[in-house]
Enquirer: 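Before anything else, here's the structure in question.
Chain A is the first sequence line, chain B the second, and so forth, proteins listed ahead of strands; every chain is numbered from 1.
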Amino acid sequence: MPELPEVETVAKGLAGAISGKVIEHVTVNRRDLRRAIPDGLEKRLTGKRVKEIKRRGKYIIIEIRGENTVILHLGMSGRIRIYAPDESYEPVKHDHVILSMRDGSKIVFNDPRRFGMLYISESKDWQKDLPFSQMGPEPLDNWSARDLFQKLSQKKVPIKNALLDQGIVAGLGNIYVCEALFEARIDPRRLSSSLSLEECDSIIKAVKSVLERAIKAGGSTLKDYRHVDGSLGYFQNSLSVYDREGQDCANKQCGDKIRRITQSSRSSFYCPSCQNAHNN
DNA sequence: ATGATGTCCTGGGCGC
DNA sequence: TGCGCCCAGGACATCA
């Protein structure tokens with residue numbers, strides 16, 4: 001379940017491996033992912049040079065010289081594996097796309113659950129395309145409490161759901177929303193429109209803090225996620241509430257236990273004592 | 001228009 | 001050991 005820190009880690013790994021390099025051959029084994037891999041992808045990318053790799057929300061943006069931008073989303077279970085020129089590539093189940101670079105390295109996109117996407121932007125400027133045209137701010141860039149407060153003031157959904165909405169802020173998923181709300185000491189059930197400007201500021205600080213620490217740790221490996229070299233992230237060891245139902249609250253003086261509830265048929269984890277639901 | 005619910009998909013974990 | 005069941009969840013479709 002890659003969220004911003006995991007996607008950032010993969011994007012950085014990809015950038016180091018293929019920026020400036022030429023794609024010599026493209027193999028697509030299976031096209032029917034969440035969004036079909038477009039026919040013609042092979043032709044359009046063969047012989048092209050990779051310009052730059054970026055990240056926007058949970059998407060990896062691969063800019064190509066002389067072609068529109070390649071958009072990659074890892075879905076839930078997607079992985080990118082990079083094989084150095086001297087490494088031998090042994091195909092495994094669910095290897096859907098293989099980019100063979102001119103220097104002999106290979107980039108493999110594997111996705112068992114097929115929730116991922118790999119396509120080419122329709123417009124010259126990918127940012128004008130959906131979903132980017134509708135996407136909220138990058139939480140680590142210029143995300144302001146004023147902006148969040150303004151957006152939440154019209155929302156009648158719990159704050160947990162609002163933060164998962166990519167139009168409010170980009171890149172957050174279930175894990176980091178739970179963690180950030182714990183750190184901001186805000187109950188996930190609080191109505192979005194009930195939050196004060198100060199509370200929005202707390203949320204922003206908590207989100208930034210948890211994302212920055214997770215990126216430093218190389219992301220969280222719960223099930224599927226791996227770095228591009230196959231190694232693991234280790235931020236899962238630093239999670240305070242996510243998947244810790246029944247365990248002691250991380251605040252030592254608290255003494256309460258982490259609770260799991262369901263919101264919009266998704267699990268939320270929180271500490272009933274530290275995350276107080278006054279003002280609902 | 002907004003929010004709630006259902007759908008896609010596979011592997012892993014669980015109970016019996 | 002093996003079978004069936006349920007769960008994980010990001011984005012999007014569909015419904016009220």
Enquirer: Base, sugar-phosphate, or nothing for A/Ser267, non-hydrogen atoms under 4.0 angstrom?
Expert: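 Contact class for A/Ser267: sugar-phosphate only.
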Enquirer: When rounded to the nearest 0.5 angstrom, what distance separates CZ in A/Arg244 from CZ in A/Phe269?
Expert: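 Interatomic distance, A/Arg244 CZ to A/Phe269 CZ, rounded to 0.5 Å: 11.0 Å.
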Enquirer: Rounded to the nearest Å, what distance is computed from the NZ atom of residue A/Lys155 to the C1' atom of nucleotide B/dG3?
Expert: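 From A/Lys155 NZ to B/dG3 C1': 8 Å.
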Enquirer: Could you tell me how far apart A/Gln154 (CD) and B/dG3 (P) are, to the nearest whole angstrom?
Expert: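 To the nearest whole Å, that distance equals 10 Å.
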Enquirer: Counting just side-chain N and O atoms, does A/Lys93 come under 4.0 Å of either OP1 or OP2 of B/dT10?
Expert: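 Indeed not, no polar side-chain atom of A/Lys93 lies that close.
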Enquirer: Would you say A/Tyr89 and A/Ser100 are linked by a side-chain donor-acceptor pair, where the criterion is simply a distance under 3.5 Å?
Expert: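 Checked: A/Ser100/A/Tyr89 side chains show no N/O donor-acceptor pair below 3.5 Å.
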Enquirer: Measure from the side-chain heavy atoms of A/Val157 and tell me the nearest of C/dA8, B/dG3, C/dA11.
Expert: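 Comparing C/dA8, B/dG3, C/dA11 against the side chain of A/Val157, the answer is B/dG3.
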Enquirer: Between atom CZ in A/Arg34 and atom C1' in B/dT10, what is the gap in whole Å?
Expert: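 Between C1' of B/dT10 and CZ of A/Arg34: 15 Å.
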Enquirer: Among B/dA4, C/dG10, C/dC12, which is the nearest nucleotide to the side chain of A/Tyr59?
Expert: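 Nearest listed nucleotide: C/dC12.
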Enquirer: Hey, does the side chain of A/His94 come within less than 4.0 Å of B/dC9's phosphate (OP1/OP2), counting only N and O?
Expert: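 Looking at the OP1 and OP2 atoms of B/dC9, neither is under 4.0 Å from any side-chain N or O of A/His94.
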Enquirer: To the side chain of A/Pro112, which of B/dA4, C/dG10, B/dG11 is closest?
Expert: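 Nearest nucleotide to the side chain: B/dG11.
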Enquirer: With centres under 5.5 Å and planes under 30°, do A/Phe115 and C/dG10 count as stacked?
Expert: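 According to the criterion (under 5.5 Å, under 30°), yes, A/Phe115 stacks.
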Enquirer: Take a 6.0 Å sphere around CD of A/Glu87 and say whether it holds more than 12 heavy atoms from other residues, nucleotides or ligands.
Expert: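 Correct, the count exceeds 12.
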Enquirer: Can you tell me the distance, in whole Å, between the CZ atom of A/Arg114 and the P atom of C/dA8?
Expert: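 Computing the A/Arg114:CZ to C/dA8:P distance gives 21 Å.
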Enquirer: For DNA chain B, whose closest nucleotide is more 5', that of A/Lys156 or that of A/Arg266?
Expert: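 Comparing both residues, the 5'-ward one is A/Lys156.
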Enquirer: Under a plain distance cut-off of 3.5 Å, with no hydrogens placed, do A/Ser133 and A/Gln127 share a side-chain donor-acceptor pair?
Expert: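 No.
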Enquirer: Are the side chain of A/Thr46 and the backbone of A/Glu42 linked by a donor-acceptor contact shorter than 3.5 Å?
Expert: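 Yes, A/Thr46 side chain to A/Glu42 backbone: donor-acceptor pair under 3.5 Å.
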Enquirer: Can you check whether A/Lys58 has a side-chain N or O nearer than 4.0 Å to OP1 or OP2 of C/dA11?
Expert: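 A/Lys58 to C/dA11 OP1/OP2: side-chain N or O found under 4.0 Å.
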Enquirer: Please state how far atom CG in A/Leu130 lies from atom C1' in C/dA11, giving the value in whole angstrom units.
Expert: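 That distance rounds to 12 Å.
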Enquirer: How many Å lie between CG on A/Asp111 and P on B/dT10, as a whole number?
Expert: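 The distance from CG of A/Asp111 to P of B/dT10 comes to 10 Å, rounded to the nearest Å.
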Enquirer: Could you give the NE2-to-P distance, from A/His96 to B/dC9, as a whole number of Å?
Expert: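 To the nearest whole Å, that distance equals 12 Å.
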Enquirer: Whole angstroms only, please: what is the CG-P distance between A/Asp32 and B/dC9?
Expert: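 So the CG-P distance, A/Asp32 to B/dC9, works out to 8 Å.
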